[in-house]
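Working notes, structure below.
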Amino acid sequence: MELAPKDLLEKLEYDKVLELLARECHGDLAKAKIAKMRPRTEKYILERQLDEVAAYQLALENSDGMTLGAYEDLAEHLKMLEIEGYVLAIEGLQSINKILVSTRNVFRYFEADRKNTYPVLFDIIRNVSFDEGLIKAIEKVVDEEGKIKPTASPELQRIHRLYQSKQRELDRVFKGIINKYRDNGWLTDNVESFRNGRRVLSVPSEHKRKIRGIIHDESTTGKTAFIEPEGVIDINNDLFDLLTEEKREIYRILRELSHTLRPYIPLLRNYQDIIVRLDVIYAKARLAQKMDANRPALKANPYIGIKEGFHPLLFLKNKEEKKETVPFDLTFQ
């Protein structure tokens, strides 16, 4: 029979404590997990959770906390990746890499003697392996700004070299054409522009029939025509073809990388769970520090005993206002 009123947790301001706890998290997944937290009664679970928080508190007191960093929810990316042949977008690869880097930081954290100093925290990853090759595979393709690296494949390198060479040729030829037509007075003051992805001349309409080439556009007033001169059409076509080749090669690279990551979906989910769990523990330890909280002693039988205790929200409010909080003693059994 349920004797506690339905609004008991609200009356105890438990929800406000959860809000404070969520503010200490690095990621939204940990915040969401905290929002769903409800009081537990299983002594062995509570003891383990208190052990984890105490260990993290010790690490923070020793200025020895682990680096988690920001991370994102992989659920949708991994769900789509399960589909054979699906190609992850760069944003998905970046999200996966953030989790991988955070997980690597955790594993490196315990490479020193910390596995013996904080064994209860090390237990979280004790039976898990970490494959650094996944980070290398992603970072070989995607840079820190979320762009495909020109060195992602030999073919992409070849395309980039040819494109740069053609671009230099276009600059040289276009400069010569500009000098010629400008001397004739056939160009506007702006000289050149871009239309439909092509480099074009900016030509007063009265001179547009004097320049051989393709008219791509006209100004809204009709006074200016934008012409791709005959001398650069073939070069622009070559550049367009190279851009098309680049898109095909990038798609192939992303498809191959997605295929490489697909078998590791369960492991990636596990890595995310580890980061979220550690984030929640970190948040508890940080809030405990701010509250000057002490670890409670648990009893198997019903008992509540508070000695020189404070209401945590009142304590934090008074602490911010530099006021003293008067402690109290309370016993129920």
Side-chain angles (χ1 to χ4, degrees), residues 85-97 135-261:
Y86 180 80
V87 178
L88 272 173
I90 293 176
E91 293 77 11
L93 292 170
Q94 286 181 294
S95 296
I96 289 174
N97 203 45
I135 292 180
K136 292 178 180 178
I138 294 174
E139 292 185 349
K140 178 185 176 184
V141 172
V142 183
D143 66 16
E144 293 180 356
E145 297 179 354
K147 297 177 181 177
I148 299 294
K149 291 182 177 179
T151 57
S153 76
E155 176 63 11
L156 195 59
Q157 283 182 286
R158 183 192 70 82
I159 292 169
H160 273 259
R161 282 196 301 269
L162 287 175
Y163 187 87
Q164 289 169 355
S165 175
K166 280 290 176 184
Q167 192 66 55
R168 287 192 295 269
E169 182 184 354
L170 176 63
D171 289 340
R172 177 177 53 79
V173 174
F174 208 87
K175 185 177 180 180
I177 292 172
I178 285 175
N179 290 336
K180 174 185 174 183
Y181 292 143
R182 184 162 49 193
D183 290 343
N184 292 339
W186 295 350
L187 301 179
T188 66
D189 292 338
N190 292 330
V191 181
E192 63 176 293
S193 184
F194 279 88
R195 289 294 187 275
N196 303 320
R198 317 279 277 201
R199 195 170 174 181
V200 295
L201 297 171
S202 182
V203 182
S205 294
E206 62 267 25
H207 299 308
K208 67 182 180 181
R209 299 301 174 192
K210 299 174 183 176
I211 297 176
R212 296 178 63 84
I214 299 172
I215 298 176
H216 282 270
D217 195 10
E218 289 189 347
S219 65
T220 53
T221 61
K223 293 181 179 180
T224 304
F226 299 99
I227 301 174
E228 181 181 8
E230 188 177 56
V232 300
I233 291 175
D234 287 343
I235 302 174
N236 274 332
N237 286 340
D238 290 341
L239 287 170
F240 179 82
D241 289 343
L242 286 168
L243 287 175
T244 303
E245 285 184 46
E246 180 189 51
K247 289 178 183 177
R248 280 200 299 264
E249 178 61 10
I250 287 174
Y251 181 82
R252 186 198 67 78
I253 291 168
L254 294 178
R255 184 182 61 203
E256 187 176 284
L257 182 54
S258 298
H259 180 73
T260 298
L261 293 172

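Note: D241 CG to L162 CG = 11.5 Å, rounded to the nearest 0.5 Å. Atom-to-atom distance recorded for I250:CD1 and K147:NZ is 12.0 Å, nearest 0.5 angstrom.
Residues passing the ring-ring contact (aromatic ring centres under 6.0 Å, His included) test with Y163, sequence neighbours excluded: none.
Contact annotation: the side chain of D217 never approaches that of N196 to less than 4.5 Å [non-hydrogen atoms, C-beta and beyond]. Inter-residue side-chain proximity for E245 and R158 is flagged as met; some heavy-atom pair is nearer than 4.5 Å. Looking at heavy atoms from C-beta onward, L239 lies in side-chain contact with N236 at the 4.5 angstrom threshold. In this structure the side chain of V191 never reaches within 4.5 angstrom of the side chain of Y181, judged on heavy atoms. Inter-residue side-chain proximity for L261 and I138 is flagged as met; some heavy-atom pair is nearer than 4.5 Å.
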**Message:** Using the rule given for side chain to side chain contact (heavy atoms under 4.5 Å, CB included), can you reason through K247 versus Y251, listing the C-alpha separation, both sets of side-chain angles and the distance that settles it, and then say yes or no?
**Reply:** CA-CA 6 Å; K247 289 178 183 177; Y251 181 82; over 6 Å; no
**Asked** Passes salt bridge (Lys or Arg N to Asp or Glu O under 4.0 Å), R248 versus E155? Steps please.
**Response** CA-CA 11 Å; R248 280 200 299 264; E155 176 63 11; over 6 Å; no
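A salt bridge links D171 and R199; the closest N-O separation between the charged side-chain nitrogens and carboxylate oxygens is under 4.0 Å.
Atom CD of E144 is surrounded by 12 or fewer heavy atoms from other residues, nucleotides or ligands within 6.0 Å. In this structure, H259 places its NE2 atom where only 12 or fewer heavy-atom neighbours from other residues, nucleotides or ligands lie under 6.0 Å away. With a 6.0 Å radius and a threshold of 12 heavy atoms from other residues, nucleotides or ligands, K175 has its NZ atom at or below the threshold.
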